Amino acid sequence: MSKFSHLLEVSTDMASIPDFIIEKINKAYQLHALERHAEAVDLLNNTLATTSIKEPVLRALVQLCIESKNIETAITGLEQLASIASSPTVYIRNLYSLCYSNGQKARAINYLRRYVSDKPTDPEGLYNLADGCRRERLFDEALQHYSLAIECGFSDTSLAKLNMADIQQQINRESEAIIILTEILDREPTYLPALFNLASLYDESADKERANELYQKILAIQPDHALAMSRLATMSGNTIESERLILKIKSALSANEYTPEELESLYFALGKLNDDCKRYEQAAQYYVLGNELQIEKSLPYNPLEQEKLTQDICSAFDSLLVRSKDMDSEDAFSPIFICGMFRSGSTLVEQILSAHPEVESAGEIDFLKKAVEKFCPNFQEAINLNEESLISISQEYKKNVISYLSNPLFFTDKNPVNFTLVALIKRLFPQAKFIFTQRERLDNCLSVYFQQLDNTLNYASSLIDTKHYYDEQMKLLNHWQSILSNDDYLILNYESLVTNFDTELMKLLKFLGLQWSDSCLAFYGQKKRIKTASIWQVRQPMNTNSILRWQNYKPYLKDLDD
């Protein structure tokens with residue numbers, strides 16, 4: 001079946017369809033199953049021409065076109081269905097999903113806008129449009145339509161408000177998100193999605209007491225709630241807490257059926273908790289189980305493809321490109337890009353800098369990625385961008401940063417994608433600075449392996465693949481060093497940072513042209529939200545606990561050796 005085959009799942013009252021129509025549809029499906037697609041389509045088109053009962057025939061035609069990946073014909077059929085149906089909402093939603101899945105995102109949103117324009121008080125249509133806008137980060141429009149959907153009587157007010165709170169969190173309006181989530185819970189005190197999101201928000205904002213209280217409340221309502229137990233594991237700060245939580249999770253695993261995603265979270269949680277208790281063999285066993293589940297839902301990592309990607313980037317972006325004068329070198333706009341392998345200390349550096357009174361943290365914003373994708377989805381082709389395109393990208397990035405932050409003169413951007421765009425960034429923003437974080441290879445790779453990361457990071461669930469990816473990242477780093485000037489970048493070694501903090505901090509601030517600030521020494525006391533896997537590690541005073549950590553696991557993880 002094609003990836004779109006699920007899109008036309010609409011309920012049908014078969015009793016209301018005449019037998020001769022059902023026979024024609026079944027015959028068309030049989031022909032389709034025999035790969036006689038053209039005959040199946042002709043049969044349905046002939047049926048449409050001779051009957052006034054068009055909706056079920058059109059549905060079948062669209063389904064067959066989706067199955068045979070004839071997407072434009074399927075879209076035409078869905079448009080006809082939307083025009084004749086007494087309840088067209090489901091077909092508009094299918095039009096949106098089909099276009100979106102086929103990469104036609106602007107077209108997808110416009111179908112929803114057109115429907116809402118025709119039916120401005122339809123709560124379902126307003127909600128669908130809001131959801132589509134949220135997915136495309138059109139947040140103001142999304143908030144507007146969620147509100148209108150609620151006003152027009154949308155059936156699930158709590159769900160609409162939950163999504164509004166999610167938007168407020170994404171645009172750093174945590175107080176507004178808390179207000180909305182609290183409103184939901186005032187109406188539905190046991191609404192678990194709102195309880196969990198509120199707990200996560202306090203968790204990310206370093207309010208451990210409030211977060212713990214809410215996670216415990218969730219478990220009082222649903223004792224086997226996998227994500228609440230997993231989040232508590234990340235917060236666990238002592239052996240007694242960890243031991244208690246290990247028993248709770250094991251008991252839940254023995255008594256309940258969990259989805260693969262929930263099991264994955266619980267295995268990673270048990271790995272972390274056993275590591276807290278220095279039971280490294282048991283920790284390794286659970287980390288292996290968690291990663292095995294993650295591998296099942298990820299595309300295989302291809303070392304040759306990764307090597308080719310590295311080569312292509314190095315070939316596309318050379319020193320002549322970086323030193324070209326397309327952009328205004330006098331522009332004072334000077335973002336600080338923190339680049340490095342996952343778990344190499346990039347979040348730690350971000351936290352240290354954000355404690356400085358002159359620096360703001362933008363986190364892992366995707367403003368640059370989205371601006372570049374408008375002109376060249378394949379980043380290696382950015383070498384061919386003309387000056388007009390470069391200016392548009394630069395202006396869009398600046399506009400979004402200014403609306404996102406209060407004082408964007410000195411700010412950090414930590415999106416991992418930026419590491420592949422270093423030369424383009426330097427061309428866009430001549431005053432940009434790069435901090436390349438680097439960590440001992442095996443510790444870095446082990447730390448990646450121990451995190452439940454997004455399955456798009458398909459190297460992360462295998463130590464062999466992670467080590468290969470690390471080596472490719474080092475090749476790319478060496479290339480950037482060869483084409484940037486010494487004033488453009490600083491390599492910050494994790495081990496040096498945690499063992500010689502004052503010295504490395506002085507070097508870091510000097511590189512950025514910032515005055516010394518004692519507040520950077522107490523970076524761990526900040527209450528700013530952190531959304532990465534380092535959420536609680538970077539809230540501890542500087543320590544060397546993670547140095548040579550891989551030695552604890554060498555007997556238990558066969559792929560850990562070089």
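Not measured: the values here are computed from a predicted model. Counting begins at 1 with the first residue of the sequence.
- Residues Leu463 and Cys445 share a closest heavy-atom pair of CD2-O, 3.9 Å.
- Salt-bridge formation is not detected for the pair Arg173/Glu176: no Lys NZ or Arg NE/NH1/NH2 atom is positioned less than 4.0 Å from an Asp or Glu carboxylate oxygen.
- A donor-acceptor pair under 3.5 Å is absent between the side-chain atoms of His225 and the main chain of Ile218, judged by distance alone.
- A side-chain donor-acceptor contact under 3.5 Å links Thr89 and Tyr115.
- Side-chain atoms of Asn291 come within 3.5 Å of backbone N or O of Tyr449 as a donor-acceptor pair.
- Under the 3.5 Å distance criterion, with hydrogens and angles disregarded, a donor-acceptor pair is assigned to the side chains of Asn386 and Ser389.
- With values rounded to the nearest 0.5 angstrom, Leu148 atom CG is found 5.5 Å from Leu126 atom CG.
- Summarising the geometry of Asn455 relative to Lys297, their closest heavy-atom pair is ND2-O, 3.1 Å, with the distance given to 0.1 Å.
- Judged by distance alone, with hydrogens and angles left aside, the side-chain atoms of Asn458 form no donor-acceptor pair with the main-chain N or O of Ser298 at under 3.5 Å.
- Side-chain atoms of Asn102 do not come within 3.5 Å of backbone N or O of Leu98 as any donor-acceptor pair.
- Lys24 places no side-chain N or O within 3.5 Å of a backbone atom of Leu44 that could act as its donor or acceptor partner.
- Inspection of the Glu79 and Tyr111 side chains reveals an N or O donor paired with an N or O acceptor under 3.5 Å.
- Side-chain contact between Phe268 and Tyr286: absent, with no pair of heavy atoms (C-beta onward) separated by less than 4.5 Å.
- No donor-acceptor pair closer than 3.5 Å links the side chain of Ser361 to the backbone N or O of Thr412.
- Between Leu201 and Ala177, the closest heavy-atom pair is CD2-CB, 4.0 Å.
- Two residues are said to be in side-chain contact when any heavy atoms from C-beta on lie closer than 4.5 Å; Glu292 and Tyr267 fail this criterion.
- Taking the six-membered ring where tryptophan is involved, the planes of Tyr397 and Phe367 are perpendicular, since the angle between them exceeds 60° and thus also 30°.
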Using the rule given for side-chain hydrogen bond (donor to acceptor under 3.5 Å, both in side chains), can you reason through Asp131 versus Tyr96, listing the C-alpha separation, both sets of side-chain angles and the distance that settles it, and then say yes or no?
CA-CA 11 Å; Asp131 253 13; Tyr96 166 79; over 6 Å; no
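- Summarising the geometry, atom CE belonging to Met164 is positioned 11.0 Å from atom CG belonging to Leu181; distances are rounded to the nearest 0.5 Å.
- Looking at heavy atoms from C-beta onward, Arg343 lies out of side-chain contact with Phe450 at the 4.5 angstrom threshold.
- When only modelled atom types and interatomic distance are considered, Tyr127 and Asn163 share a side-chain donor-acceptor pair under 3.5 Å.
- With Asn415 contributing its side chain and Val417 its backbone, the two residues share a donor-acceptor pair below 3.5 Å.
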Please lay out, stage by stage, how Tyr91 and Glu55 fare under the test side-chain hydrogen bond (donor to acceptor under 3.5 Å, both in side chains).
CA-CA 11 Å; Tyr91 299 122; Glu55 190 171 350; 2.6 Å; yes
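- A heavy-atom distance below 4.5 Å is found between the side chains of Tyr191 and Leu162.
- Under a cut-off of 6.0 angstrom, the local environment of NZ in Lys27 is sparse, with at most 12 non-hydrogen atoms contributed by other residues, nucleotides or ligands.
- In this structure, the side chains of Arg427 and Phe317 stay at 4.5 Å or more apart for every pair of heavy atoms.
- The closest side-chain heavy-atom distance from Arg187 to Thr157 is below 4.5 Å.
- Side-chain contact between Ile338 and Thr347 is absent, with no heavy-atom pair separated by less than 4.5 Å.
- Between the side chains of Thr456 and Asp454, at least one donor N or O lies within less than 3.5 Å of an accepting N or O.
- Using modelled atom types, one finds a donor on one side chain and an acceptor on the other under 3.5 Å when comparing Arg113 with Asn110.
- A donor-acceptor pair shorter than 3.5 Å can be found between the side chains of Tyr100 and Glu136.
- Separating the CD1 atom in Ile425 from the OG1 atom in Thr420 is a distance of 8.0 Å, to the nearest 0.5 Å.
- Proximity of a side-chain donor or acceptor of Asn444 to a complementary backbone N or O of Phe342 within less than 3.5 Å is detected.
- No hydrogens or angles considered: a donor-acceptor pair under 3.5 Å links the side chains of Gln170 and Asp166.
- A heavy-atom distance below 4.5 Å is not found between the side chains of Gln144 and Cys133.
- Using a 4.0 Å cut-off between charged side-chain N and carboxylate O, Lys308 and Asp312 make a salt bridge.
- The minimum heavy-atom distance between Leu266 and Leu253, with the atom names listed, is CD1-CD2, 3.7 Å.
- Looking at Asp224 and Gln222, their side chains do bring a donor and an acceptor atom within 3.5 Å of each other.
- Nearest approach of Lys475 to Thr310, heavy atoms of both residues: CB-CG2, 4.0 Å.
- Although no hydrogens or angles enter the test, the distance criterion places no donor-acceptor pair under 3.5 Å between the side chain of Ser394 and the main chain of Leu390.
- For Thr51 (side chain) and Leu48 (main-chain N/O), no donor-acceptor pair under 3.5 Å exists by modelled atom type.
- Taking each heavy atom of Ala60 and Tyr29 in turn, the nearest pair found is CA-OH, 3.8 Å.
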